[in-house]
Amino acid sequence: MFDPALCTEDEIARFVATFYARVRRDERLGPIFESRVDDWDRHLATLTDFWSSMLRGTRRYTGTPMSRHAALPGLDESLFLRWLELFEQTAREQENHAMAARAQTLARRIAQSLWLGYQTQHHPDRLARDLPCA
């Protein structure tokens, strides 16, 4: 359920910026993102629109994250779990606990969905497995 009163746009922008700064510094995730993102300012704006749409219902994001993630070569379960670990670490540091809790719930669902879609795309002959923590 979307709730425009859950958080402000500034809170979302700070959360996204903090999280992706952490991702960029990560020894496993950083190289993957750095090899794919040419314009970080534009990418962060897109991700902020995504989370604004998810948390506040603004409908500013109109992309297709599944196809973009499924197109990446060589991803594995541990990378999705690492992304989720960094997300949850960042969420725990937020002053707006309601926003953080909702974002964590959504992030678990998103990670699960992207992981299942990724497996289906890359290994259509195998049964996709859930992430262990989602």
Side-chain angles (χ1 to χ4, degrees):
M1 176 183 307
F2 305 121
D3 182 1
L6 177 66
C7 55
T8 67
E9 292 296 324
D10 286 342
E11 287 173 316
I12 294 170
R14 280 193 304 273
F15 182 95
V16 168
T18 301
F19 171 61
Y20 279 96
R22 189 167 274 151
V23 166
R24 292 176 76 181
R25 289 189 305 267
D26 188 76
E27 66 182 31
R28 296 200 57 219
L29 295 176
I32 296 167
F33 280 84
E34 292 297 338
S35 71
R36 302 287 182 191
V37 178
D38 295 324
D39 182 344
W40 271 99
D41 289 336
R42 185 173 51 133
H43 191 60
L44 290 173
T46 299
L47 292 166
T48 300
D49 286 347
F50 174 82
W51 283 103
S52 177
S53 295
M54 297 300 293
L55 294 167
R56 302 187 76 230
T58 61
R59 299 184 181 189
R60 290 198 322 246
Y61 180 79
T62 58
T64 54
M66 181 64 76
S67 61
R68 292 192 178 270
H69 289 82
L72 296 170
L75 300 185
D76 62 39
E77 178 182 280
S78 71
L79 294 168
F80 286 83
L81 292 173
R82 180 65 179 150
W83 180 91
L84 197 52
E85 178 183 352
L86 294 178
F87 191 95
E88 291 183 345
Q89 179 183 358
T90 306
R92 286 190 301 270
E93 297 168 352
Q94 301 306 300
E95 291 181 20
N96 182 334
H97 298 290
M99 176 193 74
R102 181 70 180 140
Q104 284 179 291
T105 298
L106 292 168
R108 287 183 202 109
R109 290 179 186 167
I110 291 163
Q112 180 72 269
S113 176
L114 291 174
W115 173 234
L116 291 172
Y118 187 85
Q119 292 174 87
T120 301
Q121 177 76 22
H122 289 267
H123 308 288
D125 56 323
R126 297 185 207 162
L127 183 61
R129 295 170 298 143
D130 288 342
L131 287 174
C133 67

**Asked** Rounded to the nearest 0.5 Å, how far does CZ of F15 lie from OG1 of T48?
**Response** 11.0 Å

**Prompt:** Does a side-chain heavy-atom distance below 4.5 Å link M54 with Y61?
**Reply:** no

**Asked** Would you call D26 and R82 a salt bridge, using N to O less than 4.0 angstrom?
**Response** yes

**Prompt:** Can you check whether P65's main-chain N or O pairs, donor with acceptor, with H69's side chain at less than 3.5 Å?
**Reply:** yes

**Asked** In terms of hydrophobic clusters joined by side-chain contacts under 4.5 Å, are L106 and L116 together?
**Response** no

**Prompt:** Hey, is the main chain of L72 close enough, under 3.5 Å, to the side chain of Y118 for a donor-acceptor pair?
**Reply:** yes

**Request:** Nearest 0.5 Å please: distance from the CG atom of L84 over to the CG atom of L79.
**Result:** 12.5 Å

**Fill in**
Looking only at heavy atoms, the pair that brings A128 and T120 closest together is CB-OG1, 4.2 Å

**Request:** Please round to the nearest 0.5 Å and tell me the distance separating atom CG of L44 and atom CG of D49.
**Result:** 11.0 Å

**Asked** Taking it one step at a time, do F19 and W83 satisfy ring pair (Phe, Tyr, Trp, His ring centres under 6.0 Å)?
**Response** CA-CA 9 Å; F19 171 61; W83 180 91; 5.5 Å; yes

**Asked** In Å, rounded to the nearest 0.5 Å, how long is the span from CZ of F2 to CG of L55?
**Response** 9.0 Å

**Request:** May I ask you to decide if A70's main-chain N or O and H122's side chain share a donor-acceptor pair within less than 3.5 Å?
**Result:** yes

**Request:** Would you sort out whether R22 and Q89 count as a side-chain contact (heavy atoms from CB on, under 4.5 Å), showing the intermediate values?
**Result:** CA-CA 10 Å; R22 189 167 274 151; Q89 179 183 358; 3.8 Å; yes

**Prompt:** Is it true that the side chains of S78 and D76 contain a donor and an acceptor less than 3.5 Å apart?
**Reply:** yes

**Item:** Pair F80-Q112, side-chain contact (heavy atoms from CB on, under 4.5 Å): steps then yes or no
**Value:** CA-CA 8 Å; F80 286 83; Q112 180 72 269; over 6 Å; no

**Message:** Using every non-hydrogen atom in the two residues, find where N96 and E11 come nearest and quote the distance to one decimal.
**Reply:** ND2-OE1, 3.1 Å

**Message:** Please give me the minimum heavy-atom distance between M66 and S113, naming the atom from each residue.
**Reply:** CE-O, 3.2 Å

**Prompt:** Does the side chain of E34 come within less than 4.5 Å of R24's, by heavy atoms?
**Reply:** yes

**Message:** Has Q119 got a side-chain atom pairing as donor or acceptor with L127's backbone, closer than 3.5 angstrom?
**Reply:** no

**Message:** Working to the nearest 0.5 angstrom, can you tell me the gap between R60 CZ and F50 CZ?
**Reply:** 12.5 Å

**Request:** Grab the two heavy atoms, one from S52 and one from T58, that are nearest each other, plus how far apart they are.
**Result:** OG-OG1, 2.9 Å

**Prompt:** I32 and R36: which non-hydrogen atoms are nearest, and at how many Å?
**Reply:** O-CG, 3.3 Å

**Item:** ring pair (Phe, Tyr, Trp, His ring centres under 6.0 Å) between W51 and F87, intermediate numbers included
**Value:** CA-CA 12 Å; W51 283 103; F87 191 95; 5.1 Å; yes

**Request:** Take T18 and E93 through the test side-chain hydrogen bond (donor to acceptor under 3.5 Å, both in side chains) and record every step on the way to the result.
**Result:** CA-CA 10 Å; T18 301; E93 297 168 352; over 6 Å; no

**Item:** R92 CZ to H97 NE2 distance, which is reported to the nearest 0.5 Å
**Value:** 12.5 Å

**Asked** Less than 4.5 Å apart, any side-chain heavy atom of P132 and any of E77?
**Response** yes

**Complete:** Taking every heavy atom of W115 against every heavy atom of L75, the minimum-distance pair comes out as CZ3-O, 4.4 Å

